[in-house]
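All of these numbers come straight from a predicted model, not from anything done at the bench. Every heavy atom of this structure was used, including side-chain atoms; hydrogens, water molecules and symmetry mates were not. Residue numbers run from 1 in the order of the sequence given.
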Amino acid sequence: MQIPPYLLNEHYNDRYFDVVDAFEEARHIHLSGSRVEERVREACRNGEEFRIGETGFGAGRVLAALIDTLEACENLNYKIHYSSVELYPLSIERMKCVLEGFRDRADSHIQKMCEAYSRLDISKPGWHQAAIKAKSGIIELRLFAGEALDMILSLDAPCDAWFLDGHGPKKNPDIWRTELLSAIGAKTVSGGTVTTYTVAGHVRRDLAAAGFSLEKVCGFGGKKEVLRGEKLAAGSEDRITADSTTHR
Ligand SMILES: C[S@@+](CC[C@H](N)C(=O)[O-])C[C@H]1O[C@@H](n2cnc3c(N)ncnc32)[C@H](O)[C@@H]1O
């Protein structure tokens, strides 16, 4: 298929996401994969905030899908910290252009996300913050302009869920390097999750070494399998192996 030029990230010669079903893909891999709705509900019941980390903000499609999913939920009053990172931040014009194809499904949610993004001064490196007020809660978007490892190391609190979405390991090995995945493990709460579309062996081994118990689950679109993992409590690492994967 011919990829529209605006969907191609020229720095990696790879597209930001699947052209046709990118929202559904984000829901399947990251939102269902990490049981976000259920866990956000539980956090609300306990009066707690929920923290999400993402490697590769790109056009903010995963965040827009998250807003879209949570807006459909009743009786929530959440506070979510959404910490993401982008080495090559898109202009707001380009972002809108990339997300154009989803407007018929999630127009107001895309608008909310773009409005928050347009308030960030992405020309400056480091952390930027903007609140997104949704019907049933607040998402605090915290975007780090710069390199993923620097973002992870500078997080002030561990995350409940990580969405790894930084192009495939072949196109962008940097964002899958051992030291970075190990830092993600260190910045995840016990019982926290990691989700990604790649099931590459070295990614599974490094995530397992970083403390995650991993599971290959059925994929989406052209992908047969994708990956989800749960961080085990300290001391239970001896139960983890890179090949302790099960199929659903
Ligand atoms: C597949 S795209 C992200 C898609 C995005 N999550 C979305 O839903 O629109 C991956 C993004 O990661 C960014 N990226 C790649 N390597 C990076 C790194 N080392 N540090 C920070 N960002 C990086 C790329 O520039 C690109 O925008």
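Residues F57 and L141 have side chains in contact (heavy-atom distance under 4.5 Å, counting atoms from C-beta outward). In this structure the side chain of T196 never reaches within 4.5 angstrom of the side chain of I29, judged on heavy atoms. Side-chain atoms of Y82 and I132, non-hydrogen and from C-beta on, never get closer than 4.5 Å to each other. Contact annotation: the side chain of V98 never approaches that of R61 to less than 4.5 Å [non-hydrogen atoms, C-beta and beyond]. Taking the side chain as every heavy atom from C-beta outward, L70 and I80 approach each other to under 4.5 Å.
Donor-acceptor pairing under 3.5 Å is recorded for the side chains of W162 and T188. R35 and T193 form no side-chain donor-acceptor contact under 3.5 Å, judged by distance and modelled atom types alone.
Under the salt bridge (Lys or Arg N to Asp or Glu O under 4.0 Å) criterion, E42 pairs with no residue at all, not counting sequence neighbours.
At least one donor-acceptor pair under 3.5 Å links the side chain of R94 to the backbone N or O of Y6.
Relative orientation of the F163 and H30 rings is tilted, given thresholds of 30° and 60° on the angle between their planes. By the 30° and 60° cut-offs, the orientation of the rings of Y12 relative to H167 is tilted.
The number of heavy atoms from other shown groups lying within 6.0 Å of NZ (K223) is above 12.
Contact check on E25 versus R15 returns no salt bridge, with no Lys/Arg side-chain nitrogen under 4.0 Å from an Asp/Glu carboxylate oxygen.
What you find for G166 and N172 is that their closest heavy atoms are O-ND2, 2.9 Å.
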Please evaluate residues K96 and E100 with respect to the criterion salt bridge (Lys or Arg N to Asp or Glu O under 4.0 Å), reporting the C-alpha separation (whole Å), side-chain torsions for both, the decisive distance (0.1 Å), and the verdict. CA-CA 6 Å; K96 285 180 175 167; E100 192 56 42; over 6 Å; no

